[in-house]
Engineer: 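Sharing a structure, written as structure tokens. Questions coming.
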Amino acid sequence: MIIDGFHHQLPDIDPEETQEWVDALDQILEDGGQARARFLMATLIERAHSRNVGVPAAVSTQYINTIPPEQEAWFPGDEQLEKRIRRFIRWNAAVMVVKANKKADAIGGHLSTFASSAALYEVGFNHFFRGKADGEPGDHIYIQGHAAPGIYARAFVEHRLDEGDLDGFRREMGGGLSSYPHPRLMPDFWEYPTVSMGLGPINSIYQARFNKYLHNRHIDDTSESRVWCFVGDGEMDEPETVGSISLAAREKLDNLIWVVNCNLQRLDGPVRGNGKIIQELEAMFRGAGWNVIKVVWGANWDPLLARDIDGVLVNKMNTSVDGEYQRYKAENGAYVREHFFGPDPRLREMVEHMSDDEIWALRRGGHDYQKLYAAYKHAIELRGSPTVILAKTVKGWTLGPDVEGRNATHQIKKLTNEQLLLLRDRLQLQEEIPDGALIEGLEPPYCRPPEDSPEFQYLAQRRKALNGPLPSRVVNVRRPLGLPDHEPFAEFDAGSGTTEVSTTMAFTRLLRNLARYSGFGDRVVPIIPDEGRTFGMDALFKELEIYASQGQLYEPVDHHLLLSYKESQAGQILEEGITEAGSMASWIAAATSYATRGVPMVPFFTFYSMFGFQRVGDLMWLAGDARARGFLLGATAGRTTLLGEGLQHQDGHSHVLASTVPVCQAYDPAFAYEMSTIIEHGLHRMYGPEGWDVFYYLTLYNENYAMPAKPKGVDDGIIAGLYRWSEVPTGTARRAAILFSGSTHGAARRAQAELAEHYGIGAELWSVTSYKRLREEALSAERWNRLHPGETPRLPYVTRSLDHVKGPVVAVTDYMKMVPDQIARWVPGPFTPLGTDGYGRSDTREALRRFFEIDAGHVVVAVLAALAQAGSLEPSVVGDAIARYQIDPEEADPRVR
Ligand SMILES: Cc1ncc(C[n+]2csc(CCOP(=O)(O)OP(=O)(O)O)c2C)c(N)n1
Ligand SMILES: [Mg+2]
């Protein structure tokens, strides 16, 4: 505890009194020992806190339960009945995994995670988690992905699933139960994808924050919804898990409760063999400003702790490390007597009256249902901060000595009949599952109480009282969204005249138009990670205001300016600070709000394109799983268009990464009207009656140029990914086509003019807004043709469009060549991609485009070279162009420079 330096600068106004206190402490140490002194100090600090004396908080407390037994809430349920229900759930969770792995094609699954956390989930399902049967959104529950078998088993015991469903676990092809929580695969069941470690936790924080945002902006009453997130203690090592915990406290997210399943193990072995994960987490969360409730020990430890007058038991608890605790649970009662209690005669005496079995039965807090109930109850009553419950459990609990606490437990997926019989006995299900039911060579049986049983009735009644079953995903739009007409988009059709602007500036203007559009604008959620000024979005700070849960407590330094920094409780902009992961989590909360809250929101997350897919690609992947709908904007795009910043900033590959995400609609618009057409179309696709579960990614550039007016009849081509932007110049012979995208239209247009002027070659210009879409459409056509022999083959859109060119096609992009290469197979005639492979550099745009060989000179040479290779031109003409544009043919490839 850091007391030093806390008060030493202050004068001591009564040294005598101070000395009296110090002497008193010394006396207590002498008379009562350290334990008594610690107790008194802790009591004083607690008292000081309750009287608002600003003493620093202790970041760690003793290795015992936070809630003393006498303060535990009364448990209102039927404990025996709930225990029996839990036993059925445990049994089926184990059997479904064992069955899935009995067959030759063992398909995996996890036994030990749910076995350790069954009570953590069950106390929530029976007493706390609110469902949606009343048409309200209820609670948001993030479940540890590999605890899924337990969640399915509960749904089975609730008669929501049947035996066939459990047999289909991980056999997704026939619509079986998904391996982990995947809304993409089970859209009526799972709401929140979690299994990529760390993403569930960060998403839960931003979901809780987003609920406050909706509330403070008067868009939705979220006061009745809590966010519960279950996290593994191993998962706590992920930067995404812990990276935003301070935000949760700063934002006073008292609607957020985390339950960390501290089974002391991760996949390979102990989480902190040489330390104590619970203590470490306690310090971290307390330091960050969370309420921490430790549930370390079960009720049968209470009498021992009550007798621990001299603190010797607590001391032993404090000083034993997790590696030892893990071992105790993998051994037996005699071992615990010998090694935990044994070394100290006072401790040994403390348990002398107990048998080895009784010692063995001393339970961990996370397996003590009443203690868990008390912790959850306390957690929901706390106000002003988020709460974390640290529950100590045994990995693989109840699964028998071969599994419990073993280092290999995470990977054990099979149980022999003998092990299953042991489990059955442990769960006291002998009547339901007689010995004869487990026959070698036959499948072990599932087992659940019938619908007229007291167990089922109780279960049903509990869920009814809590508004219906969970997990459950329903798209019940409570607050419909009216879409804007064409008005906010119209100005971009006209172009910018002679004014030079960038697509980023145009987008910012469109965002403003949309946010101001009556009846729609308040659903727009602009999200930026401390990059507003870079993108010219700072003008929106004043107009739309920055969301700040506590409002603005100061007069900003720029208050006298028209466009000052304005924070407000009703602010619309989520200015996230420097966290792309946090911004993305905010975006996911907003982009799934149509389903999780029945309130469609339209998020626009604008980020530095280099720090998008590359930095937080896993969250973007998850967004597709979660069926997110919204817009991602990669600004400062292009490896040569973003000048001056160098290789860590210049994005030449986000379109390669975007191409890997099936539902991502990736576009690389060149002009303002393309950008606005895509966004208008996307809005209708996602939020209109079709309700596509896709999201859009657009790259935006910071190069200023005159934005042309939108030609007639190009909308379909813009959306399909390709349209002819200009015909061949008059008076030219021979034909070629140049495909441009994004900022490379400049090079393409100059090359077109040069080819006509110097070589009499007529090149059409085509704008490619999306190579990804073109490729996907072509692949569909190809597949259809393969599966429909004898029918008139379908021609891919890209082939149909370029068929008439009868000459070379050169594509020029500010992205890697791989991006245009996506369509190479379907381009009629020779195809040459020019792109920016290699690490970026800091220099002028002109120099960079020369370096990466995507400037006009290189485009001209590429067209001529293709014609020469086809035999329609003398090679010397290419040589002439190489000289004309001062290209050094011996220069090394930029990819390897
Ligand atoms: C990002 C990521 N890395 C690795 C994995 C593989 N993985 C699945 S579970 C697991 C161990 C989890 O341990 P813990 O969080 O303690 O959960 P427990 O099963 O002990 O409750 C690992 C490494 C993953 N799912 N996600
Ligand atoms: Mg663990």
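Just so it is clear, the structure is predicted and the values come from calculations on it, not from any experiment. Each ligand, and each atom within it, is numbered from 1 in the order the structure gives.
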Engineer: Could you tell me if the side chain of L632 sits less than 4.5 Å from the side chain of M620, heavy atoms only?
Structural biologist: yes
Engineer: Looking only at heavy atoms, which two atoms of A626 and P183 are closest? And how far apart?
Structural biologist: CA-CG, 4.0 Å
Engineer: Please verify the inter-ring angle class for F340 with Y328; under 30° counts as parallel, over 60° as perpendicular, anything in between as tilted.
Structural biologist: perpendicular
Engineer: Relative to the heavy atoms of N263, which atoms of ligand 1 are at a distance of less than 4.0 Å?
Structural biologist: 18 (P), 20 (O), 21 (O)
Engineer: Report yes if Q265 has an N/O atom closer than 3.5 Å to an N/O atom of ligand 1; otherwise report no.
Structural biologist: yes
Engineer: Return the orientation label for the Y608 and F611 ring planes: parallel under 30°, perpendicular over 60°, tilted otherwise.
Structural biologist: tilted
Engineer: Using a strict 4.0 Å cut-off to heavy atoms of V195, name the atoms of ligand 1 that fall inside it.
Structural biologist: 24 (C), 25 (N), 26 (N)
Engineer: Hey, is N261 touching ligand 1 through its side chain, its backbone, both or neither, going by heavy atoms under 4.0 Å?
Structural biologist: side chain
Engineer: Do any nitrogen or oxygen atoms of G234 lie less than 3.5 angstrom from nitrogen or oxygen atoms of ligand 1?
Structural biologist: yes
Engineer: Suppose I only count heavy atoms of S196 and a 4.0 Å limit; which atoms of ligand 1 are within that range?
Structural biologist: 1 (C), 26 (N)
Engineer: Indicate if the distance from the Mg ion (ligand 2) to the nearest N, O or S atom of E235 falls below 2.8 Å.
Structural biologist: no
Engineer: Heavy atoms only: which of E235, M197, H146 is nearest to atom 26 (N) of ligand 1?
Structural biologist: M197
Engineer: Using a 4.0 Å heavy-atom cut-off, which part of M236 comes near ligand 1: side chain, backbone, both, or neither?
Structural biologist: neither
Engineer: Closest by any non-hydrogen atom to atom 17 (O) of ligand 1: pick that one out of R266, H110, Q144.
Structural biologist: Q144
Engineer: Might you check, step by step, whether the distance between atom 6 (C) of ligand 1 and some protein heavy atom is under 4.0 Å?
Structural biologist: no
Engineer: Does the ring center of W228 lie less than 6.0 Å from the ring center of Y142?
Structural biologist: no
Engineer: Does E238 come within less than 4.0 Å of ligand 1, judged by its heavy atoms?
Structural biologist: yes
Engineer: Could you check whether atom CG of D105 has more than 12 heavy atoms from other residues, nucleotides or ligands sitting under 6.0 Å from it?
Structural biologist: yes
Engineer: Got D165 and F156 here, is their nearest side-chain heavy-atom distance under 4.5 Å?
Structural biologist: no
